[in-house]
Amino acid sequence: MGTEPPASPGWKEKAIITSLNEKQTILIVDDSMLNRALLADMIGDAYRIVEAEDGKQAVAALQKEGTGISLVLLDYVMPQMNGFDVLEVMNRNGWIKDIPVIMVSAESDAAYIERAYELGVTDFINRPYDVNIVRRRVMNTLMLYQKQRTLMGMVADQVYEREKSNNLMVYILSHIVEFRNGESGMHVLNVQAMTEMILTHLVRLTDQYPLTAEDISLITMASSLHDIGKIAIPEEVLNKPGRFTDEEFAIMKTHSAVGSDMLDNLELYKDEKLVKVAREICRWHHERYDGRGYPDGLVGDEIPISAQVVALADVYDALTSARVYKPPFSHEEALRMIRDGECGSFNPLILECLTAVADDLESRLNRGVTGREISVESLRVVDSARDAGEAEASSRTLELLDYERMKYHFFASMSNEVQFEYTVEPPMIVLSDWSDRKLGLPEIVMDPYHDEAFCAVFGAENLQELFRRLRATTAEEPLIDMEMEATVGGETRWLHVLARALWSDENPPTYLGSLGKFVDIDDRQAELHDLQFKAYHDPLTEVVNGAFARKVITERLGAEGECDRHDDRHVLIVCDLDFFKQANDAHGHQFGDRVLQHFADRLRDSVRSDDVVARVGGDEFLLCMGCSVDPRPLVERIHRSLEGEFEGFPLSVSMGVAATDGGVRDYDELFRRADVALYHKKRDGRGGYVFYDDLSDQERAFSLDEPCTALSGIDRNDSDQ
């Protein structure tokens, strides 16, 4: 027994609400800001409030959030769309079955109220509002719908478990037949998977066969029983390694009729839809479209579409699987044999579907069965068992599940992302269908942190870092965001990982697993790298530009007092290509561009890879190097390497040099000194270099405010022509 908390307005209501679903969302729709504020204050802060000032905004909010909205408080009199218009939209879309609506209005006319109830409102509140009435009716409505959803979930879980058990029993029975036939149970699963793929594509391709999703699910399950008649075939015939004699083949052919007879003899269940479909498949899955099949020689669409599709799936898997009498054919060879008619005649529409799904066959088959393979359609309640109201709501909920699943697969495939769900017990990761095409991994990987193929793609160290980050989250802050490298198709690519850790409700919480997605960002990274390169580099010479050079050199120089002034000496050189204008005037600008590119390449070759080489003007370049010894021999060597000629044009270089000796660590001052030294070198004669330290006091006093500096007016002097 605990102590009851102190009384405070609404604390019991808040406790109930929180226990149901913390921060449920309530949509308040009213064109009056004052009315919306009043209702929000009355409801309290136990809810997340979304507001809409007219009917169109309300419909947009419902379209966006769907059943994420737990309750709508709806006014009647509004511009553009009134309350009844909103209710009609909710009815057309089926939202009214899952989202309760309380009408709030000053209207009190009986016809008006009756109309509101006809359109599906749950309750009605008149203005002026009473805070206790508003709060209690909101809470009661939410509690009622929460209980309904809980019950629906329990029913859905029970139906799901029953359907899973039915699938398992069918699989066990089929496996017994296949085991006796010396084949693995994978044949049954492969026929199931291929049947579903072809039927799903068939209903998209044509309306000639009006199959519902429930029909597809039923045919897929019944396909598992296509060969049950083989249980009556003698083993010496069934498992004969060589070619059948005519008598043996006649015995083998009886399995289709035997299987249908077995199902006909199920007195209690022979009228069940599953049994009827299974009988069609058992009897006629060896018929052929041109009438040359058995046992009845049916032609064309005399053969039920269920048997036609299973026949094709059965042939394909038989071709691509090893048998006692033959090795397996390749996927491509099997497709060729089927298309060329070597395995009998098939419906052209079904062959078209086979071509459409061919690329997915190898990745979808031979995977085994999981609970995820059971279609949501199998959870639907048959019409004869539906009660009015509640059954419709259940059906609508399942339709929403189908819709969400469709969106999940669509967005995953369109966004080049691989979505995943990981569970700790058992250790298993489930990847979205697109993963096999993108990563070459199966949909389900057991113990992924120790799986060789999985670790080969993502890297063991990357996976450990991902696991560490997920385990370091909390229930309150469960998200992680990171980038990692993966090996995809033999090449290294960058992936963006966005994941959410799943924690139990226990205290302390237990880590249950995670869900998230891997997004291929390698192309985006390459684009960003290219943009970054363009932003930092000169487009003609591909050395860095002046702005980026200034940033890097400033960082290397450091602040005053941070570096050893003797061991951390830097030398900055400003270079000018003498008489460059003559190259443009005599040979054209394209030749001048090649001269600059050649000069930049020689600059790079003359220094170390981590030294800074930049273009800071038209034909002016900058070098910055660390040099703890006397820099003069280094500068002399660099200058000699730059002099020469290019395609007959003589290369003459003038250089101004400044060093960090004397405690100068400021980039602008260092650049000024090198620039002044260059100016005096060019003034006294081109070709060569001058150290700022070698200038007289009078020469050093030269002001850069003068228009004739090394990087500006000097190149306009007649002497440079």
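It should be emphasised that the depicted structure is a prediction, and the values quoted were computed from it without experimental measurement.
- One side chain, T25 or R48, offers a donor N or O that lies under 3.5 Å from an acceptor on the other.
- To the nearest 0.5 Å, atoms CZ (R36) and CD (E51) are separated by 5.0 Å.
- In this structure, L695 CG and Y679 OH are separated by 12.0 Å, a value rounded to the nearest 0.5 Å.
- For the pairing with S654, the side chain to side chain contact (heavy atoms under 4.5 Å, CB included) check across L678, V574, L577 returns one residue only, L678.
- The heavy-atom pair separating R339 from A358 by the smallest distance is NH2-CB, 4.4 Å.
- Residue E421 holds its CD atom at 8.5 Å from CG of L502, rounded to the nearest 0.5 Å.
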- Query: Stepwise, does the salt bridge (charged side-chain N to carboxylate O under 4.0 Å, His left out) test hold for D694 with R632?
  - Reply: CA-CA 12 Å; D694 295 339; R632 294 176 186 273; 2.9 Å; yes

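- Formation of a donor-acceptor pair under 3.5 Å by the E643 side chain with backbone atoms of V653 is found in this model.
- Legend: residues meeting side chain to side chain donor-acceptor pair (under 3.5 Å) with D601, ordered by chain and number and at least two apart, are R604.
- H587 contributes no side-chain N or O that, together with a main-chain N or O of G592, makes up a donor-acceptor pair within less than 3.5 Å.
- Pairs of residues two or more places apart, or lying in two chains, that qualify as side chain to side chain donor-acceptor pair (under 3.5 Å) and include a residue from residues 448-462 are D447-H450.
- A 4.5 Å side-chain heavy-atom check between I480 and L466 finds at least one atom pair inside the cut-off.
- Applying the side chain to side chain donor-acceptor pair (under 3.5 Å) rule to E647 yields the partners R594; only residues at least two apart in sequence or on another chain are considered.
- You'll find the side chain of L354 reaches within 4.5 Å of the side chain of L335, heavy atoms only.
- The minimum heavy-atom distance between V571 and C627, with the atom names listed, is CG2-CB, 4.1 Å.
- Using a 4.5 Å cut-off on side-chain heavy atoms (C-beta onward), F621 and M655 make no contact.
- Side chain of T487 to main chain of G490: no donor-acceptor pair is present (N/O by atom type, distance under 3.5 Å, no hydrogens or angles).
- Between the side chains of R204 and H201, no donor-acceptor pair of N or O atoms lies under 3.5 Å.
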- Message: What verdict does the side chain to side chain contact (heavy atoms under 4.5 Å, CB included) test give for T541 and D593, after you've listed the backbone C-alpha separation in whole Å, the side-chain angles of each residue and the deciding distance to 0.1 Å?
- Response: CA-CA 8 Å; T541 62; D593 288 345; over 6 Å; no

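- For R665 (side chain) and L557 (main-chain N/O), a donor-acceptor pair under 3.5 Å exists by modelled atom type.
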- Begin from the C-alpha positions of L205 and C353 and carry the test side chain to side chain contact (heavy atoms under 4.5 Å, CB included) through to its verdict. CA-CA 8 Å; L205 180 66; C353 294; 4.0 Å; yes

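- Closest of all the heavy-atom pairs between V543 and A614 is CG2-C, 3.9 Å.
- The main-chain N or O of G617 is found under 3.5 Å from a side-chain atom of R615 such that the two form a donor-acceptor pair.
- By the 4.5 Å heavy-atom criterion applied to side chains, Y47 and S70 are not counted as neighbours.
- Ring planes of F458 and F454: tilted class, angle from 30 to 60°.
- The CG atom of D576 sits 5.0 Å away from the CD atom of E620 when rounded to the nearest 0.5 Å.
- For the pair H589 and N584, the minimum side-chain heavy-atom distance is below 4.5 Å.
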- Message: Assess the residue pair L622 and F671 against the criterion (side chain to side chain contact (heavy atoms under 4.5 Å, CB included)); give the C-alpha distance rounded to whole Å, side-chain angles, the decisive distance to 0.1 Å, and a yes or no.
- Response: CA-CA 9 Å; L622 177 147; F671 186 93; 3.5 Å; yes

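- Residues forming a side chain to side chain donor-acceptor pair (under 3.5 Å) with S652 (at least two apart in sequence, or on another chain): D578.
- A distance of 5.0 Å separates CG in L642 from CZ in F599, rounded to the nearest 0.5 Å.
- At least one donor-acceptor pair closer than 3.5 Å links the side chain of E699 to the backbone N or O of S696.
- The side chain to side chain contact (heavy atoms under 4.5 Å, CB included) check on T492 picks up E485, with sequence neighbours excluded.
- In this structure a side-chain-to-backbone donor-acceptor pair under 3.5 Å is missing from R700 to R673.
- Taking E465 as the reference, R468, R469 meet the side chain to side chain donor-acceptor pair (under 3.5 Å) condition, with sequence neighbours excluded.
- Contact annotation: the side chain of L634 approaches that of M625 to within less than 4.5 Å [non-hydrogen atoms, C-beta and beyond].
- Counting only distance, with no hydrogens or angles, the side chain of K581 and the backbone of D585 share no donor-acceptor pair below 3.5 Å.
- Using a 4.5 Å heavy-atom threshold, the side chains of L495 and V519 count as separate.
- P631 approaches R569 most closely through the heavy-atom pair CD-NH1, 3.6 Å.
- Each of I573, I638, V635 was evaluated against Y689; a single residue qualifies, V635, per the side chain to side chain contact (heavy atoms under 4.5 Å, CB included) test.
- Between D481 and H496, some side-chain heavy-atom pair lies under the 4.5 Å cut-off.
- Remark: side-chain polar atoms of T660 are paired, donor with acceptor, to backbone N or O of H570 under 3.5 angstrom.
- Heavy-atom neighbours of E332 CD from other residues, nucleotides or ligands within 6.0 Å: above the threshold of 12.
- Distance alone, capped at 3.5 Å, places no donor-acceptor pair between the Q597 side chain and the V595 backbone.
- Atom-to-atom distance recorded for L515:CG and F420:CZ is 7.0 Å, nearest 0.5 angstrom.
- Smallest separation of non-hydrogen atoms from L470 and A501: O-CB, 3.8 Å.
- No close placement of the F579 and F649 rings is indicated, their centers lying 6.0 Å or farther apart.
- In terms of heavy-atom proximity, I69 sits nearest to A61 at CD1-O, 3.8 Å.
- A salt bridge links R608 with D611: the distance from a Lys NZ or Arg NE/NH1/NH2 to an Asp or Glu carboxylate oxygen falls below 4.0 Å.
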- Message: Using side chain to side chain contact (heavy atoms under 4.5 Å, CB included), reason through L623 and L603 one step at a time and then give a plain yes or no.
- Response: CA-CA 8 Å; L623 299 177; L603 275 175; 3.8 Å; yes

